[in-house]
Amino acid sequence: LQLVESGGGLVQPGGSLRLSCAASGFGLDYFAIGWFRQAPGKEREGVSCISSSGGMTIYADSVKGRFTISRDNPKNTVYLQMNSLKPEDTGVYYCAVRADPDGRTWTSLGKDEYDYWGQGTQVTVSS
């Protein structure tokens with residue numbers, strides 16, 4: 001099982017980035033996927049989550065209205081579109097998955113509730 005994040009980089013305040021999380025070794029169809037971030041010296045925090053069905057999404061208050069999570073099951077990939085980026089969005093962004101083959105509506109921003117993690121991609125918002 002492997003998750004690989006990509007799409008990070010350096011962007012000016014107000015700019016946009018789209019992060020991708022590609023899975024290999026398993027299909028994402030029955031997994032909820034979360035995006036998390038960790039700034040230097042801070043705890044890892046939940047940013048967004050999409051249910052395994054794709055019908056439920058949640059966002060941290062700090063990113064609501066600016067970030068959009070989506071999934072493309074045939075491509076086995078989840079995306080995080082980040083607009084109107086702010087310096088406080090800087091950090092390493094991680095995707096993580098948790099199996100949800102039954103209800104298909106589970107979502108959470110709690111990092112302890114996820115089973116598998118990617119290695120992260122750096123996002124830096126600075127002028």
Side-chain angles (χ1 to χ4, degrees):
L1 302 179
Q2 188 176 20
L3 296 169
V4 179
E5 301 93 336
S6 61
L10 173 63
V11 64
Q12 292 186 341
S16 297
L17 285 173
R18 189 176 79 157
L19 304 184
S20 299
C21 171
S24 60
F26 69 108
L28 284 174
D29 302 57
Y30 294 98
F31 285 82
I33 299 103
W35 281 100
F36 296 79
R37 67 187 180 190
Q38 188 166 18
K42 293 190 176 181
E43 291 283 322
R44 190 172 299 188
E45 63 174 352
V47 173
S48 183
C49 174
I50 186 166
S51 64
S52 62
S53 69
M56 300 282 289
T57 59
I58 56 173
Y59 298 91
D61 288 344
S62 58
V63 306
K64 279 181 183 176
R66 300 189 296 123
F67 290 13
T68 303
I69 191 171
S70 61
R71 60 191 299 156
D72 187 336
N73 286 350
K75 292 185 178 180
N76 226 24
T77 302
V78 175
Y79 304 99
L80 185 68
Q81 178 67 43
M82 306 188 297
N83 298 329
S84 302
L85 283 161
K86 304 175 182 180
E88 50 263 44
D89 294 318
T90 293
V92 179
Y93 282 69
Y94 301 87
C95 64
V97 299
R98 169 174 163 148
D100 181 30
D102 299 322
R104 307 269 282 153
T105 60
W106 182 89
T107 55
S108 173
L109 296 180
K111 64 182 186 298
D112 294 332
E113 299 187 73
Y114 287 79
D115 300 317
Y116 302 102
W117 291 80
Q119 294 301 306
T121 184
Q122 176 70 44
V123 171
T124 303
V125 184
S126 175
S127 55

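In what follows, residues are counted from 1 in the order of the sequence shown. Keep in mind it's a predicted model, so treat the numbers as computed, not measured.
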Asks: So does Lys64 pair up with Asp61, basic N to acidic O under 4.0 Å?
Replies: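 Salt bridge: yes.
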Asks: Is it possible for you to check whether Arg18 lies under 6.0 Å from the centre of the six-membered ring of Tyr79, through NZ or CZ, and within 45° of that ring's axis?
Replies: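 Yes - Arg18 lies over the ring of Tyr79, closer than 6.0 Å to its centre and within 45° of its axis.
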Asks: Please assess Arg104 against Met56 for the test side-chain contact (heavy atoms from CB on, under 4.5 Å), listing each intermediate value before the final yes or no.
Replies: CA-CA 9 Å; Arg104 307 269 282 153; Met56 300 282 289; over 6 Å; no
Asks: Has Glu88 got more than 12 heavy atoms of other residues, nucleotides or ligands less than 6.0 Å from its CD?
Replies: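 Correct, the count exceeds 12.
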Asks: Start with the C-alpha distance between Tyr93 and Gln38, add both sets of side-chain angles, then the distance that settles side-chain contact (heavy atoms from CB on, under 4.5 Å), and finish with yes or no.
Replies: CA-CA 7 Å; Tyr93 282 69; Gln38 188 166 18; over 6 Å; no
Asks: Can a donor-acceptor pair be found between the side chains of Asn83 and Ser16 at a distance below 3.5 Å?
Replies: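 Yes, side-chain donor-acceptor contact under 3.5 Å.
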Asks: Hydrogens and angles aside, do Ser126 and Thr124 bring a side-chain donor and acceptor to less than 3.5 Å of each other?
Replies: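 No, no side-chain donor-acceptor contact under 3.5 Å.
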Asks: What heavy-atom pair brings Glu113 and Trp106 nearest, and what distance separates the two atoms?
Replies: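 So the minimum-distance heavy-atom pair works out to OE1-CZ2, 3.7 Å.
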Asks: Is it true that a side-chain atom of Ser48 and a backbone atom of Ile58 form a donor plus acceptor pair closer than 3.5 Å?
Replies: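 Pair found, side chain donor or acceptor close to backbone of Ile58.
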Asks: Kindly indicate, with the supporting measurements, whether the criterion side-chain contact (heavy atoms from CB on, under 4.5 Å) is fulfilled by Phe36 and Val92.
Replies: CA-CA 8 Å; Phe36 296 79; Val92 179; over 6 Å; no
Asks: Could you tell me whether the side chain of Tyr59 reaches within less than 4.5 Å of the side chain of Val47, counting heavy atoms only?
Replies: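 A side-chain contact is absent here, since even the closest heavy-atom pair is not under 4.5 Å.
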Asks: Within 45° of the ring axis of Tyr94 and under 6.0 Å from its six-membered ring centre, is that where the NZ or CZ of Arg44 lies?
Replies: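 Yes - Arg44 lies over the ring of Tyr94, closer than 6.0 Å to its centre and within 45° of its axis.
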Asks: For a quick test of reading the model, state the closest non-hydrogen atom pair linking Thr105 to Asp100 and the distance between them.
Replies: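 Looking at all heavy atoms of both residues, the shortest contact is N-OD2, 3.2 Å.
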Asks: Mind listing the closest non-hydrogen atom pair of Ala60 and Gly46 along with its distance?
Replies: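 Of all heavy-atom pairs spanning Ala60 and Gly46, the closest is CB-O, 3.5 Å.
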Asks: Give me the atom names and distance for the closest heavy-atom approach of Thr77 to Ser20.
Replies: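 For Thr77 versus Ser20, the nearest heavy atoms are CG2-CB, 4.1 Å.
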Asks: For the backbone of Ser84 and the side chain of Arg66, can you confirm whether one donor and one acceptor N or O come within less than 3.5 Å of each other?
Replies: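 Yes; judged by distance alone, with no hydrogens or angles, the pair exists.
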Asks: Is a side-chain donor or acceptor of Glu45 paired with a backbone partner of Arg37 at a separation under 3.5 angstrom?
Replies: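 Side chain of Glu45 to backbone of Arg37: no pair is present.
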Asks: For residues Leu1 and Trp117: do they belong to one hydrophobic cluster (side chain heavy atoms under 4.5 Å, members Ile, Leu, Val, Met, Phe, Trp, Tyr)?
Replies: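 As far as the 4.5 Å side-chain criterion goes, Trp117 and Leu1 are not connected within one cluster.
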Asks: Has Tyr30 got more than 12 heavy atoms of other residues, nucleotides or ligands less than 6.0 Å from its OH?
Replies: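 Not more than 12 within 6.0 Å, no.
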Asks: State, yes or no, whether a side-chain contact exists between Val123 and Met82 at a heavy-atom distance under 4.5 Å.
Replies: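 Counting from C-beta outward, Val123 and Met82 do come under 4.5 Å.
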Asks: Using the rule that Ile, Leu, Val, Met, Phe, Trp and Tyr join whenever any side-chain heavy atoms are under 4.5 Å apart, tell me whether Phe26 and Val78 fall into a single cluster.
Replies: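 Phe26 clusters together with Val78.
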Asks: Less than 6.0 angstrom separating the ring centers of Tyr116 and Phe31, yes or no?
Replies: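 They do not qualify: ring centres at least 6.0 Å apart.
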Asks: Can you confirm whether more than 12 heavy atoms, excluding those of Gln122, are under 6.0 Å from its CD atom?
Replies: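 More than 12 within 6.0 Å, yes.
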Asks: Quick one: side chain to side chain contact (heavy atoms under 4.5 Å, CB included) partners of Lys42, sequence neighbours excluded?
Replies: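 For Lys42 the side chain to side chain contact (heavy atoms under 4.5 Å, CB included) partners, ignoring immediate neighbours, are Ala39.
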Asks: Which value, rounded to the nearest 0.5 Å, describes the distance between Ile50 atom CD1 and Thr68 atom OG1?
Replies: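 The OG1 atom of Thr68 is 10.5 Å from CD1 of Ile50, to the nearest 0.5 Å.
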Asks: Does a donor on one side chain and an acceptor on the other come within less than 3.5 Å for Gln12 and Ser127?
Replies: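 Looking only at side-chain atoms, Ser127 and Gln12 do not form any donor-acceptor pair under 3.5 Å.
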Asks: Give me the atom names and distance for the closest heavy-atom approach of Tyr114 to Ile33.
Replies: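 Closest approach of Tyr114 to Ile33: CE2-C, 4.2 Å.
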Asks: Disulfide bond (SG atoms under 2.5 Å apart) with Cys21: which residues, sequence neighbours excluded?
Replies: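 For Cys21, the residues satisfying disulfide bond (SG atoms under 2.5 Å apart) (neighbours in sequence not counted) are Cys95.
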Asks: Main chain of Ser51, side chain of Arg71: is a donor-acceptor contact present, judged purely on distance under 3.5 Å?
Replies: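 Checked: pair present.
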Asks: Are the side chain of Asp115 and the backbone of Arg98 linked by a donor-acceptor contact shorter than 3.5 Å?
Replies: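 No; zero donor-acceptor contacts below 3.5 Å.
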Asks: Taking Thr121 for its side chain and Gly8 for its backbone only, find out whether a donor-acceptor pair lies under 3.5 Å.
Replies: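 Indeed, once roles are kept as given, a pair shorter than 3.5 Å links the two residues.
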Asks: I would like to know whether Lys86 and Val63 meet side-chain contact (heavy atoms from CB on, under 4.5 Å); could you show each step before the answer?
Replies: CA-CA 10 Å; Lys86 304 175 182 180; Val63 306; over 6 Å; no
Asks: Answer yes or no: is there a side-chain heavy-atom contact under 4.5 Å between Pro13 and Pro87?
Replies: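 Yes. Closest side-chain heavy atoms under 4.5 Å.
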Asks: When rounded to the nearest 0.5 angstrom, what distance separates CG in Leu80 from CG in Leu17?
Replies: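 Spacing of CG (Leu80) from CG (Leu17) equals 9.5 Å.
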